[in-house]
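Order of the sequence lines sets the chain letters (A, B, ...), proteins ahead of strands, with each chain counted from 1. What you see is a predicted model; the values in this text were computed from it and never measured.
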Protein chains: 2
Amino acid sequence: MTSSEAWLEQLHDNGYRITAARRAVVDTVFGATHSLTPQEVYESARKKYRALGLVTVYRTLEKLEELHLIQRVHQPMGCHAFIAAGIGHQHLLLCQHCGQVEFFEGDDLDALTRSIAKKTGYQIQEHWLQLFGLCANCR
Amino acid sequence: MTSSEAWLEQLHDNGYRITAARRAVVDTVFGATHSLTPQEVYESARKKYRALGLVTVYRTLEKLEELHLIQRVHQPMGCHAFIAAGIGHQHLLLCQHCGQVEFFEGDDLDALTRSIAKKTGYQIQEHWLQLFGLCANCR
DNA sequence: TACTAATTGAAAATGTTTTTCAGTAAGGAA
DNA sequence: TTCCTTACTGAAAAACATTTTCAATTAGTA
Ligand SMILES: [Mn+2]
Ligand SMILES: [Mn+2]
Ligand SMILES: [Zn+2]
Ligand SMILES: [Zn+2]
């Protein structure tokens with residue numbers, strides 16, 4: 001079972017309909033090892049469903065993000081790309097050469113967070129962490 | 001001495017000219033406690049120099065970023081805002097309610113970085129860290 | 001099978017950033 | 001100071017990115 005079926009099921013369970021256009025977008029984003037911009041999703045998904053419109057890509061990405069199935073990837077060069085979301089509390093590791101995206105977990109920022117909270121008076125709610133480097137193939 | 005003079009000096013030392021338009025932009029961004037979008041910089045700087053054009057704001061921000069005097073701020077709602085850059089190795093702490101921006105330092109991610117490098121085969125070059133919360137006034 | 005509301009793609013609208021261009025002015029040289 | 005070269009300017013146009021509008025289509029249930 002290509003598990004992109006699970007995403008379609010999620011869409012369906014939330015009252016959204018399953019269409020050929022959405023299948024093409026979901027299949028494209030689900031399997032990606034690199035983050036994809038709406039334009040890139042469009043170009044790739046159109047190979048699976050020729051009549052697809054770019055607007056539908058935007059609309060589908062919006063729904064997938066709302067259901068936390070995908071997440072936006074922030075990079076120095078731009079923040080318009082998406083990737084399948086990590087499960088639980090994870091952060092991204094990005095290859096600066098080939099663009100490959102991986103997740104990691106196990107960061108422990110509690111001590112830092114407490115220390116900064118004390119120092120600044122902030123009540124800290126959330127954090128973003130991202131590592132950049134060269135993947136095994138590119139190094 | 002309003003230390004935004006130092007920024008103008010930097011511009012000058014790098015072969016850029018000091019103009020009324022640039023003064024207005026530099027003065028605006030230098031003192032800000034919140035990150036500002038180009039549009040916001042434009043609106044604020046125009047109070048100091050009426051003839052200012054939005055294009056010049058974009059062009060000046062570009063140069064200030066190139067000289068590492070300002071940096072882009074990434075946020076869930078958008079990544080188009082800028083703030084005076086931190087000195088040395090620092091990260092941002094953002095108030096989710098009022099938008100105030102502060103810097104902190106002293107994060108130590110060496111152990112984490114080494115562990116992830118080992119686990120993934122990546123050669124890690126850089127990291128982004130950002131804390132979100134409520135500032136002393138807003139909590 | 002019939003029905004209804006969600007979904008579609010095209011086109012238009014909106015919003016943001018960059019490029020082009022002819023006039024202006026900064027600032028070093030004389 | 002004056003002159004001169006060249007960077008800089010704002011307006012307008014162009015290039016992009018994203019959202020809205022709309023009439024036709026279609027998914028999914030009754
Ligand atoms: Mn974490
Ligand atoms: Mn750090
Ligand atoms: Zn970003
Ligand atoms: Zn790589």
Mutual orientation of the aromatic rings belonging to W7(A) and F30(A) [parallel < 30°, tilted 30-60°, perpendicular > 60°]: perpendicular
Phosphate OP1/OP2 of dA6(C) contacted by H12(A) side-chain N/O (<4.0 Å): no
Rounded interatomic separation in angstrom, taking CD from Q39(A) and C1' from dA15(D): 13 Å
Nearest listed nucleotide, side chain of V55(A), among dC8(D), dT9(D), dA10(C): dA10(C)
Side-chain cluster (under 4.5 Å, hydrophobic types only) that L129(B) belongs to, other residues: L93(A), F104(A), L109(A), L112(A), I116(A), Y122(A), I124(A), L129(A), L131(A), L93(B), F104(B), L109(B), L112(B), I116(B), Y122(B), I124(B), L131(B)
Rounded distance in Å - CD (E62(A)) to P (dA17(D)): 18 Å
Output field: ring centroids H89(A)/H127(A) closer than 6.0 Å: yes
Pairwise 5' ranking along DNA chain D for A20(A) and T60(B), keeping only the more 5' one: T60(B)
Integer-rounded Å distance: dT18(C) P and K63(B) NZ: 11 Å
Nearest-Å distance for atom pair CG/C1', residues L61(A) and dA17(D): 14 Å
Shortest side-chain distance from R17(A), nucleotide among dA25(C), dA12(D), dG28(D): dG28(D)
Gap between atoms CD and C1', on E9(A) and dG28(D) respectively (whole Å): 16 Å
Partners meeting salt bridge (Lys or Arg N to Asp or Glu O under 4.0 Å) with R23(B) (sequence neighbours left out): E5(B)
Presence of H80(B) side-chain N/O under 4.0 Å of dG15(C) phosphate oxygens OP1/OP2: no
Rounded distance in Å - OH (Y16(A)) to C1' (dT8(C)): 16 Å
Short side-chain N/O contact to dT9(D) OP1/OP2 from T19(B), under 4.0 Å: yes
Nearest-neighbour nucleotide for the Y58(B) side chain, dT17(C), dG27(C), dT19(D) considered: dT17(C)
Whole angstrom value for the distance that separates P of dA17(D) from OH of Y42(A): 14 Å
Presence of R22(B) side-chain N/O under 4.0 Å of dA7(D) phosphate oxygens OP1/OP2: no
Proximity to the side chain of I18(B) - top-ranked nucleotide from dG27(C), dT17(C), dT20(C): dG27(C)
Donor-acceptor under 3.5 Å (R59(A) side chain, L54(A) main chain): no
E43(A) CD to dC16(D) P, straight-line distance once rounded to whole Å: 13 Å
